[in-house]
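All chains are named by letter (A, B, ...) in the order of the sequence lines, taking the proteins before the strands, and each is independently numbered beginning at 1. Every heavy atom of this structure was used, including side-chain atoms; hydrogens, water molecules and symmetry mates were not.
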Amino acid sequence: MFNRKLYKQTAKKQLTGRRTVPVLATLITTFILLFLGTSSEIHTSQIINSNSAYAQTASWIYETKDNFEDDYAFSVSTISDSGVSLFFSILAISITGILILAQCHLYNEYFKTLEKISFAEYLRGFTHWFKGALAGLWFTLWVVLWSFLFFIPGIVKAFSYSQMFFVLAENPKIGVAKAMQISKTLTKGFKADLFVMYISFFGWHFLSTFTFGILQLWIQPYEYMSFTNAYKSLKMHALRAGILTESDFI
Amino acid sequence: MNKKSTKYGLAVLLTITLISILMGFFKIFSTDFFSISKNSKKVEQPAQNSFSYNKDSNYYIAVVNISGVIQEKGSEYNQKWLLSTIRSLKNDKKNAGILLYVNSPGGTVYHADEAYLELLKYKETGKKIYAYFAEMATSGGYYIGCAADKIYANRNTITGSIGVISASSIDATDFLEKIGIKSITIHTGKNKNMLNYNEKPTEEQIQIMQSLSDEAYEQFTQIVSESRNMNIKDVQKIADGRIYSAKQAKENGLIDEIFTFDEAKKSIKSDFESDNLSFKTFRYEKSESLRSILLEGFSSIKNPASAFGQTPLLSYGKF
C-alpha cells in the first residue's frame, strides 16, 4: 500500500513550475533555525568557557578519609544548566514547531491544487502558531521520554508521531494530543516504510554538502511534498479500512 | 478574511524571526560579558606561587579524570574543563596534589601537550602530581601522565604506544570519478590542497607530513626521557609505537608501580605521611540534550571531508 516511489514522483510533478514559494519558505526556515542553532551552540560554549561555572560544576561527591578502602566511585558532576538555558530550549523547540506547522500547511495547499500558490498561503500557516509551538513541545517531550529507554525507541516514536504536524495543518481545530493519537494510528504498520522513505533522501543530502547546502532549497520542498503525499495516502488508507473516521479529524 | 489571516501570519513570522535573532545576539553578547568578567576576576585573584604542606591540616588530593579521546571537546573529555580545573586546583589552598586517573587511548598532539604544560605550571607551586593508569593510557594519555612525579598502573593496563600519527587521508578521486562526481579545489600553492580527498598525495607531500610527525615524535620522546629520567636513546628504542602491558611498562621504566587504585591512594597517603588526607574526584560530564544530539548528528554530515574519514593533523592516538 505504501508506495514511496509514487509519492516522490508525484511530489516532483506537484512542484514543477511552482517552486518559488517552497524555496522561499525553506530559506526563511533555514535562516531562523540558523539563529536558533547559533544561540544553542554559543550557550554551550559559554558554559564551557566559564571558569566559574566549572569551579562550581566540577564537583566532587566522594570523599575518603579513614574509609578509603571503599570502592572507588566517580562523582557525577553535572553542569548546572541555568533556567535561562531551559527557557531558551523551550523557546527554540516552540519556534521550530511553528515553522514545521507552517510548512506542512503550505504543502497541504500544494497537494490540493496544481495551480500557483501565493506566498501569502505560507504566511497563513503561521496563524495557528500556538498549536505549532505546543505540538513542537509535545512531540519533543514524548520523543525525549522514549529516548531515555534507548536511542532506538526514540527514533521509532519520532516516526510514530511524525504525522501530527500534517494532521494539525489540515485540521487546526483539533488538539495536539489528539493529533498525536491520530498520527500513532496512521503510522501503525508503516513506521518502517516512513523510515525507509526518510533515508531515501540521504543521498540528496549528501550531494547537497558539495553545494554548500544550496541544494537544500530544492531538496527540502521535495522531501516535504513527498511526505505530504505519504500522509494523504496513510489517511486515505485509514479511512477506507475503517481504522479512523472523518469524525476523528474534527 | 484571507487578507487578515495573511497579515496575522506575517506578524507571527516577523515576531519569531525577531525572537530568533535576539536569542542569537543575546547569547553572543552574554558570552562576551561572561568572558570579560571572568578575565577581570583572574587579574584580581593573586596567584598562589608556593605551597607549604602541613600534615596536621586537612588537605585533599584531587582525582582528576582524564577519560576518552584527548581533543577539544568530546563526550567524555573536554580540554577547557581540564585546564580550568587544574588552574582552580592550583589556587586552592586545601589542595595538596593531583592524582590523574587516566583512561584514554590518546588524542591530538596539541591538546595533550597543552594539558601537560598546564600540569607543569601546577607543579611550580610545589604541589605533587601522581598518575594512575586504569584500563588504557596510551599515546596522548601517556603523554599527559608524564607530568606526574609517580606513575601507578593497574595490572591490566595497556600503555605505551609512544608515537605520532601526523595525518591519514582517503584518496577518493577514483571513487568520485566512478560515480560521476568531479570535485575540484581551486588552490594556489602546489601543496595547499594536500591530503584532501579529491587529490592524490605526492611524494613531496608525504615527506612534509613525515617531517611534522618526526618533530612531534622527538618532542614526545624528549618529554618521556625527562619525566622518567631515562636516556633519550633508551626511550627511542622502546618508543616505536607499540603498546605495553603494565608489567612490560614497569620493566621498561615507563611506570613506577603496579597497584590497584586503592593501593595507589594508600601509597600517596604514606608519601604525605597523613591520615587526614582525603581524595576528591573531578570529572567532566557532558550535559546531553536531544537538540544537541540532533545538531551534532546533522553537523557531521555538513562537511564532505568528514564523509571520507579524514583525521585531524598530528595525533597521539589510535594505537
Side-chain angles (χ1 to χ4, degrees), chain A residues 28 31-32 35-52 54-55 58-66 68-69 72-79 81 88-89 91-93 95 98-99 102 120 122-127 129 140 143-144 147 154 205-206 209-210 213, chain B residues 2-3 5-13 16-17 19-21 23-24 26-28 30-31 34-35 38 41-42 60 62-63 65 73 78 80-81 84-85 87-88 181 183 261-262 265-266 269 275-287 289-292 295 301-304 307:
Chain A
I28 291 167
F31 175 76
I32 295 171
F35 269 96
L36 291 178
T38 307
S39 68
S40 152
E41 204 145 290
I42 288 170
H43 180 68
T44 313
S45 70
Q46 176 193 315
I47 295 167
I48 288 163
N49 284 328
S50 164
N51 270 347
S52 57
Y54 270 131
S59 60
W60 46 270
I61 56 165
Y62 189 73
E63 194 172 341
T64 54
K65 283 185 180 172
D66 297 320
F68 70 97
E69 294 291 342
Y72 177 64
F74 284 123
S75 71
V76 180
S77 72
T78 51
I79 291 174
D81 221 350
F88 273 94
S89 292
L91 209 57
I93 293 165
I95 291 173
I98 296 169
L99 291 166
Y122 172 60
L123 293 176
R124 281 195 277 276
F126 286 95
T127 50
W129 62 273
T140 310
V143 172
V144 167
S147 300
H205 290 303
F206 179 74
T209 60
F210 292 100
Chain B
N2 264 357
K3 212 171 178 181
S5 57
T6 306
K7 277 184 182 172
Y8 180 50
L10 180 65
V12 174
L13 174 61
I16 62 168
T17 308
I19 291 171
S20 306
I21 293 170
M23 275 170 75
F26 174 79
K27 288 301 175 185
I28 291 165
S30 63
T31 309
F34 278 114
S35 57
K38 184 183 73 185
K41 258 187 195 172
K42 264 187 194 170
Y60 76 93
V63 181
N65 219 287
K73 50 182 173 178
N78 186 295
K80 281 180 178 139
W81 172 84
S84 69
T85 302
R87 278 179 209 136
S88 60
I181 295 172
S183 172
F261 189 63
D262 281 342
K265 287 196 287 186
K266 267 184 192 172
K269 276 197 164 193
D275 285 335
N276 293 325
L277 196 69
S278 59
F279 291 86
K280 293 174 184 176
T281 303
F282 292 75
R283 178 183 170 182
Y284 170 71
E285 193 152 293
K286 190 181 179 186
S287 67
S289 69
L290 184 70
R291 285 190 75 239
S292 68
L295 281 170
I301 60 162
K302 273 184 191 167
N303 180 9

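Closest approach of Thr127(A) and Ser5(B) over heavy atoms only: CG2-O, 3.2 Å. Summarising the geometry of Ala120(A) relative to Thr6(B), their closest heavy-atom pair is CB-CG2, 3.5 Å, with the distance given to 0.1 Å.
Interatomic distance, CZ of Phe35(A) versus CD1 of Ile19(B), reported as 13.5 Å (0.5 Å rounding). Taken to the nearest 0.5 Å, the CD1 atom of Ile95(A) stands 8.5 Å off from the OG1 atom of Thr17(B).
Checking each of Ile28(A), Ile98(A), Leu91(A) against Ile16(B) for a side-chain contact (heavy atoms from CB on, under 4.5 Å) leaves exactly one that passes, namely Ile98(A).
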